[in-house]
Amino acid sequence: MENETTETSTSGCGSLILEMGALSIMTGDPRYESVALRALRKLWSMQSSLKLFGTTLDVSTGKWIEHSAGIGAGVDSFYEYLLKAHILFGKEDYWRMFHSAYVAVQKHFRHGPWYHEADMRTGRATYWQLTSLQAFWPGLQVLIGDIPAANSSHREFFHVWKQFGVLPERYLLDHQMLHPTEKYYPLRPEFAESTFYLYQATKDPWYIEVGELIVNSLNLYTRVEGGFASIKDVTTMQLEDHQHSFFLAETCKYLYLLFDDSFMLESNYVFTTEGHPLPVLSTWHEELPEAYIPTNWTNLKRPRRASAMSLQVCPAMTLDSGQHIESACHIPDVRSDYKCLTDEDCGVDSITCRRRSCSMAGYCGLWLFL
């Protein structure tokens, strides 16, 4: 359109494949999926040598505008849709893309339970901050069976929620303070979403208590006569006259499902990034992967930690048949002899899913946990 900006986000152009793919299947018209897939593949071709993606790009020039990369605003649902496209449509290409991107995130962004942002070209940290949109990540990790990592990050978001009563939009980890201009809470759903996924995976009643805390906070701080208002400043709980559509589409929906998931029994669904359920149907898969077949799950000693998509588990384990299954969170050390110069040369342990560090003697190991 005339005078329309040519700038878009990685999420904006990379989160179309679920809806457009489903539309092509339902209508028999391949054009919708084709166009969405073209955008996705173009983005994939723009990854850096570290397999990282920037936040914003120019659709006319095909060049990155913002090179700072992360898992939050501007790129979050791009990662989400790579995995969910594999679940919904069963194509291994989507899994390979997601797995490559996931390993890169774990290697370059993860710092204990937190995820900072980094330059997509060099991997060097740019912003040490928690953003409310990052809270979707534990829910995504549940879908690949990386439960310990999901639980670890979720608890950090929980502590921040308890500190302020809600989850602020941006919190500076390096200064342990709120961002001076982004102290608001617009009723975002991501923390509730991850709480729902973790409860589904573990059935730990603690997540029900977290959900109760969220509901009580929303009723206490945001409920008004006409609905629920966004919080302008979490330090004063000052409200603003605005309620985003995602509050009803996602925040309320995930909280409702946390306490009553009966509609999902006997069925499988994938939720779009706006919280709309799409059915996982065998007829939508070119060939149903063996990992989806329930009879195969009995081979696992700990089926609750198994990934239904990849049979990758966390931690690594050995099946009764003697087959070794790699951990979804495992990142190998840079050198096969485990020698290192800095912590960056060390990966994530396949047994514990913990980040390894470099010792004074120059070897990677779990030295911080001894």
Side-chain angles (χ1 to χ4, degrees), residues 4-25 29-110 115-127 133-134 136-137 140-141 143-144 270 272-273 284-287 289 309-310 312 328 331-332 334:
E4 180 65 40
T5 179
T6 58
E7 179 179 334
T8 189
S9 68
T10 304
S11 291
C13 57
S15 306
L16 304 168
I17 193 63
L18 289 190
E19 290 88 346
M20 296 299 102
L23 187 57
S24 280
I25 291 174
D29 187 339
R31 290 181 298 171
Y32 307 110
E33 181 181 17
S34 176
V35 172
L37 191 56
R38 181 185 177 195
L40 185 63
R41 285 175 173 163
K42 174 60 179 178
L43 272 177
W44 188 254
S45 72
M46 294 172 62
Q47 65 180 292
S48 71
S49 60
L50 302 178
K51 302 186 183 303
L52 299 178
F53 299 85
T55 306
T56 57
L57 62 147
D58 190 300
V59 297
S60 294
T61 66
K63 303 294 183 182
W64 290 110
I65 297 174
E66 176 57 65
H67 292 93
S68 184
I71 60 170
V75 71
D76 46 0
S77 56
F78 168 71
Y79 291 112
E80 177 186 1
Y81 269 38
L82 288 179
L83 176 59
K84 289 184 175 180
H86 170 63
I87 301 172
L88 193 62
F89 304 123
K91 296 179 180 178
E92 288 302 309
D93 282 349
Y94 293 129
W95 169 254
R96 284 191 289 267
M97 293 165 73
F98 172 77
H99 187 266
S100 173
Y102 183 75
V103 168
V105 166
Q106 296 296 88
K107 181 176 181 179
H108 297 289
F109 301 154
R110 186 176 179 179
Y115 290 83
H116 60 73
E117 295 173 29
D119 190 299
M120 63 176 289
R121 300 160 296 186
T122 65
R124 293 179 179 173
T126 51
Y127 302 107
L133 286 168
Q134 293 175 348
F136 90 101
W137 190 255
L140 189 65
Q141 290 181 306
L143 291 180
I144 62 167
V270 166
T272 70
T273 193
W284 286 19
H285 294 75
E286 292 181 346
E287 182 179 350
M309 281 66 71
S310 65
Q312 290 183 316
I331 299 175
V334 172

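We use all heavy atoms of the structure for the numbers below, so side chains are in, but hydrogens, waters and symmetry mates are not.
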> Do the non-hydrogen side-chain atoms of Q106 and Y115 ever get within less than 4.5 Å of each other?
Replying inline: yes

> If you measure from CZ on R96 to CG on L82, what distance do you get to the nearest 0.5 Å?
Replying inline: 13.0 Å

> For P30, does its backbone N or O pair with a side-chain atom of S34 as donor and acceptor, under 3.5 Å?
Replying inline: no

> Between E33 and K91, which heavy-atom pair has the shortest distance, and what is it?
Replying inline: OE2-NZ, 3.2 Å

>> Side chains of D76 and L140, heavy atoms from C-beta outward: is any pair under 4.5 Å?
In response: no

> Between CD1 of I65 and OG1 of T10, what distance do you get to the nearest 0.5 Å?
Replying inline: 10.0 Å

> Cut-off 3.5 Å, side chains only: do T126 and D119 have a donor facing an acceptor?
Replying inline: no

> In Å, rounded to the nearest 0.5 Å, how long is the span from CE of M20 to OG of S24?
Replying inline: 8.0 Å

> Where is the tightest heavy-atom contact between L50 and G123, given as atom of each residue plus distance?
Replying inline: CD1-N, 3.3 Å

> Is there a side chain to side chain contact (heavy atoms under 4.5 Å, CB included) between L88 and Y81 once you walk through the steps?
Replying inline: CA-CA 10 Å; L88 193 62; Y81 269 38; over 6 Å; no

> Would a 4.5 Å heavy-atom cut-off, applied to side chains only, mark T273 and F136 as touching?
Replying inline: no

> For the atom pair CZ (R38) and CZ (R31), what is the distance rounded to the nearest 0.5 Å?
Replying inline: 14.5 Å

>> Using every non-hydrogen atom in the two residues, find where I17 and A85 come nearest and quote the distance to one decimal.
In response: CG2-CB, 3.8 Å

>> A side-chain contact here means heavy atoms from C-beta on lying under 4.5 Å apart; do Y94 and L40 qualify?
In response: yes

>> Strictly distance-based, threshold 3.5 Å: is any side-chain N or O of T55 a donor or acceptor partner for the main-chain N or O of G74?
In response: no

> Any donor and acceptor pair, going by atom type alone, linking the side chain of W64 with main-chain N or O of M46 inside 3.5 Å?
Replying inline: yes

>> If we count only N and O atoms by modelled type, under 3.5 Å, do the side chains of Y32 and E19 hold a donor and an acceptor together?
In response: no

> Using 30° and 60° as the class limits, which term best fits the ring planes of F78 and W44: parallel, tilted or perpendicular?
Replying inline: tilted

> Which heavy atom of H108 sits nearest a heavy atom of A118, and at what distance?
Replying inline: O-CB, 4.1 Å

> If you take all heavy atoms of A104 and L52, which pair is closest and at what distance?
Replying inline: CB-CD2, 3.8 Å

> To the nearest 0.5 Å, how far apart are CG in L83 and CE in M97?
Replying inline: 12.0 Å

>> Below 30° counts as parallel, above 60° as perpendicular, anything between as tilted: where do the rings of W95 and H86 land?
In response: tilted

>> Can a donor-acceptor pair be found, under 3.5 Å and without considering hydrogens, that links the side chain of T56 to the backbone of E66?
In response: yes

>> Does this structure show an ion pair linking K84 with E80, if we count only N-O contacts that are shorter than 4.0 Å?
In response: yes

>> Could you check whether any side-chain heavy atom of V105 comes within less than 4.5 Å of a side-chain heavy atom of W137, counting everything from C-beta outward?
In response: yes

>> Rounded to the nearest 0.5 Å, what separates atom CD in Q134 from atom CZ in F109?
In response: 10.0 Å

>> Can you give me the closest heavy-atom contact between C13 and L43, atom names plus distance?
In response: SG-CD1, 3.7 Å

